[in-house]
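Worksheet: the structure to be examined is printed underneath.
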Amino acid sequence: MIKDIFSKIKSKESVAKKSKHFTSDSEDLVTTPILQSPNADNEYASQIPMTYFASKSPADLSSTFSGLKAGYITNIGARPQQQDSLLISDLNNEVLCSSNGVLALVADGMGGLANGAKISASIADMMNQLFSDTSTALSPQNRLLFMTYEAANSIRNYLIKEQADMSGSTLAAVIIYQNKLSFLSIGDSRIYLVRNGLYLQLNREHSYSVELDEAAARGEIFYEEAANHPKRNALTSYIGNIPIEHIDRSTRPIKLVKGDSIVIMSDGVYGTLSDETLERIFVKDNPAAAAKAIEKEILAAAYPNQDNFTAVILSL
């Protein structure tokens with residue numbers, strides 16, 4: 001199913017150089033560059049589009065089949081290229097929603113040049129293809145593990161073959177099935193559960209900063225050393241050319257209640273906005289409005305080196 005995924009990406013790149021909008025082989029996938037920054041005219045950025053996958057009608061992300069509403073925002077920020085990708089499975093596919101539920105994810109590419117964009121887009125594509133298979137009876141937790149294993153294995157084999165040592169991507173993914181949440185994450189993208197205006201981070205960040213802070217708490221190093229360590233932001237786990245070191249996931253599904261929201265975001269969001277700002281934004285019961293509010297706050301901050309930022313919001 002996914003053996004030729006990278007050849008497909010290479011062919012997509014050649015099309016992207018000719019047109020800013022194009023459709024993939026599947027009718028359910030739309031690949032579009034999101035260039036909404038002062039660097040939008042950058043020649044390199046225009047040739048390496050961010051890839052997102054949404055339902056057939058991205059403007060109408062709501063469903064009677066799943067009972068969910070969705071919103072998302074993605075922006076290149078002040079960087080020369082977009083390396084974030086996101087996925088929201090087809091909310092209007094009754095068979096898929098009834099059989100497998102709804103899949104959403106954010107993948108934040110790393111490694112420079114085009115590799116980060118390629119890897120995050122590949123993960124989104126492969127996860128979408130695997131999730132679309134309704135013939136396999138798996139629990140949501142095991143489905144996430146299976147899809148992650150397949151995607152990570154393909155990514156690792158490709159990068160080893162291409163000798164691309166410093167490339168990879170984070171992954172933060174959720175499945176909502178019968179009003180229950182299962183999640184999985186690798187890297188430093190975050191997953192939140194928002195309930196009654198309060199938000200709870202469900203996953204841990206696989207970042208060297210976590211290990212440094214824990215070492216400082218144990219008295220092994222000074223807090224100042226932990227805070228100013230040059231490798232503080234380095235990832236300790238990611239999908240790349242080496243085995244995955246850490247995976248955070250739910251072993252049992254989390255029951256959701258009416259009014260709950262699930263938010264997935266790249267570090268370009270939480271690295272810019274304070275917890276207080278995010279908590280205020282998440283009070284909104286309209287996921288599309290919340291996504292727009294996130295973008296408005298980040299653009300207002302006007303950081304000169306603003307990272308790519310992406311968020312997906314699902315509300316019950």
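By convention here, the first residue in the shown sequence is residue 1.
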Heavy atoms only: give me the nearest T136-R143 pair and the separation to one decimal. O-NH2, 2.9 Å
How far does CG of L184 sit from OG of S250, to the nearest 0.5 angstrom? 8.0 Å
Considering residues at least two apart in sequence or located in another chain, which fulfil the side chain to side chain contact (heavy atoms under 4.5 Å, CB included) criterion with A227? none
Kindly indicate whether the side chain of D267, heavy atoms from C-beta on, has any atom under 4.5 Å from the side chain of S189. no
Approximate separation, where rounding is to 0.5 Å, of L145 CG and Q141 CD: 8.5 Å
Greater than 12 external heavy atoms within 6.0 Å of R218's CZ: yes
Hey, what do you get for CG (L235) to OG1 (T170), rounding to the nearest 0.5 Å? 7.5 Å
Quick check against the 3.5 Å criterion: does D90 have a side-chain atom that pairs as donor or acceptor with the backbone of N92? yes
What is the minimum heavy-atom distance between I88 and A70, and which atoms define it? CD1-CB, 4.2 Å
Roughly how far apart are Y192 OH and M265 CE, rounded to 0.5 Å? 5.0 Å
Do D84 and I76 make a side-chain contact, defined as non-hydrogen atoms from C-beta onward lying under 4.5 Å apart? no
Provide the closest heavy-atom pair for S132 versus L96 in the form atom of the first, atom of the second, distance. CA-CD1, 4.0 Å
Looking at N308 and Q83, would you say the former's side chain and the latter's main chain have a donor-acceptor pair under 3.5 Å? yes
Just jot down the side chain to side chain donor-acceptor pair (under 3.5 Å) partners of D260, sequence neighbours excluded, or say none. R195
Distance-only polar pair, side chains of Y199 and D275, donor-acceptor under 3.5 Å: yes
Is it true that the side chains of N203 and R190 contain a donor and an acceptor less than 3.5 Å apart? no
Rounding to 0.5 Å, atoms OG (S182) and CD1 (I254) come to a distance of 7.5 Å
Mind checking what makes side chain to side chain contact (heavy atoms under 4.5 Å, CB included) contact with S135, not counting sequence neighbours? D133
To the nearest 0.5 Å, how far apart are CD1 in I186 and CG in L171? 5.5 Å
Go through the side-chain N and O atoms of Q129 and D125 and say whether any donor and acceptor fall under 3.5 Å apart. yes
Validation row: V210, R204 side chains within 4.5 angstrom (heavy atoms): no
Flag side-chain contact, heavy atom, 4.5 Å: L144 against M147: yes
Check the side chains of D108 and S266 for a donor-acceptor pair under 3.5 angstrom, ignoring hydrogens and angles. no
List the steps, then state whether side-chain contact (heavy atoms from CB on, under 4.5 Å) holds for F282 with I294. CA-CA 9 Å; F282 292 159; I294 289 173; 4.2 Å; yes
Hydrophobic clustering (ILVMFWY, side-chain heavy atoms < 4.5 Å, transitive) - are V95 and L103 grouped together? no
Please step through side-chain contact (heavy atoms from CB on, under 4.5 Å) for the pair V102 and C97, ending with a clear verdict. CA-CA 6 Å; V102 171; C97 291; 4.1 Å; yes
May I ask you to check whether S167 and N115 show a side-chain donor-acceptor distance below 3.5 Å? yes
Under a 3.5 Å distance rule, please check whether S237 uses its side chain to pair with a backbone N or O of H246 as donor and acceptor. yes
Assess the side chains of S120 and S169: does a donor N or O sit below 3.5 Å from an acceptor N or O? no
Within a strict 4.5 Å, meaning less than it, do heavy atoms of the K118 and Y158 side chains meet? yes
In short, Q82 meets A117 closest at the heavy-atom pair O-CB, 3.6 Å
Under the side-chain contact (heavy atoms from CB on, under 4.5 Å) rule, what do L202 and L200 come out as? Steps first, then yes or no, please. CA-CA 6 Å; L202 298 178; L200 172 68; 4.1 Å; yes
Listing, residues 174-181 side-chain donor-acceptor contacts under 3.5 Å, not counting sequence neighbours, or none:
none

Quick check: does any side chain N or O of T277 sit under 3.5 Å from a backbone N or O of L273, one acting as donor and the other as acceptor? no
Within a strict 4.5 Å, meaning less than it, do heavy atoms of the I313 and I262 side chains meet? no
Working for salt bridge (charged side-chain N to carboxylate O under 4.0 Å, His left out), residues E297 and K292: CA-CA 9 Å; E297 292 284 351; K292 291 180 181 178; over 6 Å; no
With a 4.5 Å cut-off on side-chain heavy atoms, are V269 and L278 touching? yes
Backbone N or O of Y149 within a donor-acceptor pair of the N153 side chain at under 3.5 Å? no
Should M110 and I119 be marked as a side-chain contact (heavy atoms from CB on, under 4.5 Å) after you check the CA-CA gap, both sets of side-chain angles, and the distance that decides it? CA-CA 8 Å; M110 52 181 278; I119 300 310; over 6 Å; no
Would you tabulate the side-chain donor-acceptor contacts of residues 299-306 under 3.5 Å, counting partners in other chains and residues two or more places apart, or write 'none'?
from	atom 1	to	atom 2	distance (Å)
N305	OD1	R79	NE	3.2
Q306	OE1	T272	OG1	3.1
Q306	NE2	G268	O	3.1
Q306	NE2	T272	OG1	3.1

With no hydrogens and no angle check, do the side chains of T310 and T74 hold a donor and an acceptor under 3.5 Å apart? yes
Pair N75, E295: side-chain N/O donor-acceptor within cut-off below 3.5 Å: yes
Sorted by chain and number, sequence neighbours left out, side chain to side chain contact (heavy atoms under 4.5 Å, CB included) with D213 holds for A226, R232
Which atoms form the tightest heavy-atom contact between A104 and V312, and what is the distance? CB-CG1, 4.0 Å
Could you check S99 against T134 for side chain to side chain donor-acceptor pair (under 3.5 Å), going step by step and ending with a plain yes or no? CA-CA 6 Å; S99 175; T134 59; 4.9 Å; no
So if you build clusters from Ile, Leu, Val, Met, Phe, Trp, Tyr with side-chain heavy-atom gaps below 4.5 Å, do I155 and I160 land together? no
Pairwise side-chain contact, H206 with D188, heavy-atom cut-off 4.5 Å (strictly under): no
